[in-house]
There are 2 protein chains.
Amino acid sequence: MPNQNGMGPLWWHGKFRGCGYRITLAREVILNVLSKTEEHLSAEDIYSRIHSKHPNIGLTTIYRTLDVLANLGLVYRFDFGDKRARYELAKGPKGAHHHHHLVCTGCNRVIDYTDFIDDEMRLLQETEKGLSKKYNFRIMNHLIQFYGLCGNCQAKE
Amino acid sequence: MPNQNGMGPLWWHGKFRGCGYRITLAREVILNVLSKTEEHLSAEDIYSRIHSKHPNIGLTTIYRTLDVLANLGLVYRFDFGDKRARYELAKGPKGAHHHHHLVCTGCNRVIDYTDFIDDEMRLLQETEKGLSKKYNFRIMNHLIQFYGLCGNCQAKE
DNA sequence: CCTTTTATTGAAAATGATTTCCATTAATAG
DNA sequence: CTATTAATGGAAATCATTTTCAATAAAAGG
Ligand SMILES: [Mn+2]
Ligand SMILES: [Mn+2]
Ligand SMILES: [Zn+2]
Ligand SMILES: [Zn+2]
């Protein structure tokens, strides 16, 4: 069983090696930051969380690494309307549940929710099946977001 | 009944006036372009479709107008992953059906679909109701997109 | 119509997230 | 340990979108 903590090959090393990618400090550190938060971090967010301990890891590398991770399907990239890409781990070793998002258009807060996810998934699956056939479209992924006002922002109305 | 063709107050004039916005040529023309296409146009797309006939309408105005229209809810703004915002009329006088999108990650083609929309809407409504209560979140809008490969791009695999 | 008020506009400059360049560094195969 | 070449960082470039500001033109009132 692949190690999940201290040393030894981590869960993602295999996938990396298999694709010819090298295991580097920057990549370790970036994945580490992502696996330790519930938030939806931007490239700069990650940079600033890393920078004090690893002043030699540049912002450019963060961008490049996030690109690699997104292509590998290890992270999801989102657009929550604040003009910068935000990322979350697709599925850490913790096995976080699949979820969707509530996005507040007032303050840009993002709430993860898993309620009704089962019904959603069921519908999505039927829909995917139908659409794949009708449009000859191979669906790989989906995005569901609700936009509105969080409690705070409703109060400020 | 508000006029929909040649002259007389158009369907959107009321909404505009009510919000203190003025009716201008640029706005007429931009809404006109949007109402005549099935495509999901970017600001520049609109600019180039207008420019030969109205060389005096600047790109800046297109951006500003699209902002106004989006805020009024007359157009929807989308991010289909090609690094530029794309727009479609929310509901022209033609009363286009509510729909969602299939987005090809290979060639960026976007397909409108309305299949299963009724089931989707039913689920969305229940979900909205549940989420509103649980998270005290007032949902105003939703986004559903499927990502994958269109027929052409599957062939190129 | 004519005048006044002020929203709207265009052109140019600024912005800011993301990318690209390129010389240097370091992961990995042998 | 050495060779190969992917990965990196810093500076410069990109490029969609926004801001600035002086000029223009809707709309309201006569
Ligand atoms: Mn999330
Ligand atoms: Mn559409
Ligand atoms: Zn809020
Ligand atoms: Zn395609």
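No hydrogens, no waters, no symmetry mates; every other heavy atom, side chains included, goes into these values. Lettering follows sequence order; numbering is per chain, from 1.
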Rounded to whole Å, CG of A/Leu72 lies from P of D/dA7 at a distance of 11 Å
Rounded to whole Å, how long is the line connecting atom CZ of B/Phe16 with atom P of C/dA7? 15 Å
Residue list, ring-ring contact (aromatic ring centres under 6.0 Å, His included) with B/Tyr135, at least two apart or on another chain: none
I'd like a table of donor-acceptor pairs (distance under 3.5 Å, sequence neighbours excluded) in which one partner is a side-chain atom from residues 23-30 of chain B, with atom names and distances.
| from | atom 1 | to | atom 2 | distance (Å) |
| --- | --- | --- | --- | --- |
| B/Thr24 | OG1 | B/Arg27 | N | 3.3 |
| B/Arg27 | NH1 | B/Arg22 | O | 2.8 |

Nearest whole angstrom, please: distance from the C1' of C/dA17 to the CD1 of A/Ile62. 14 Å
Quickly work out the B/Phe80 CZ to D/dA16 P distance and round it to whole Å. 17 Å
To the nearest angstrom, the CD1-C1' distance between A/Ile46 and C/dA17 comes to 14 Å
Annotated protein contacts, base or backbone, on nucleotides 19-30 of chain C with a non-hydrogen cut-off under 4.0 Å, one of B, S, - each: BBB----BBS--
Contacts of A/Ser132 that satisfy side chain to side chain contact (heavy atoms under 4.5 Å, CB included) - sequence neighbours left out: A/Ile139
Mind calculating the distance between OH (B/Tyr47) and P (D/dC15) to the nearest angstrom? 18 Å
In chain order, what residues pass the ring-ring contact (aromatic ring centres under 6.0 Å, His included) check against A/His51, with sequence neighbours excluded? A/Tyr47
Can you name the side chain to side chain contact (heavy atoms under 4.5 Å, CB included) partners of A/Arg84, sequence neighbours left out? A/Ser42, A/Asp82, A/Arg86
For B/Leu66 and C/dT9, give me the distance from atom CG to atom C1', rounded to whole Å. 15 Å
For B/Ile30 and C/dT8, what is the distance between atoms CD1 and P respectively, to the nearest whole Å? 12 Å
Between A/Gln154 (side chain only) and B/Asn136 (backbone N and O only), is there a donor and an acceptor less than 3.5 Å apart? yes
A/Arg84 side chain N/O closer than 4.0 Å to the phosphate oxygens (OP1, OP2) of C/dG16? no
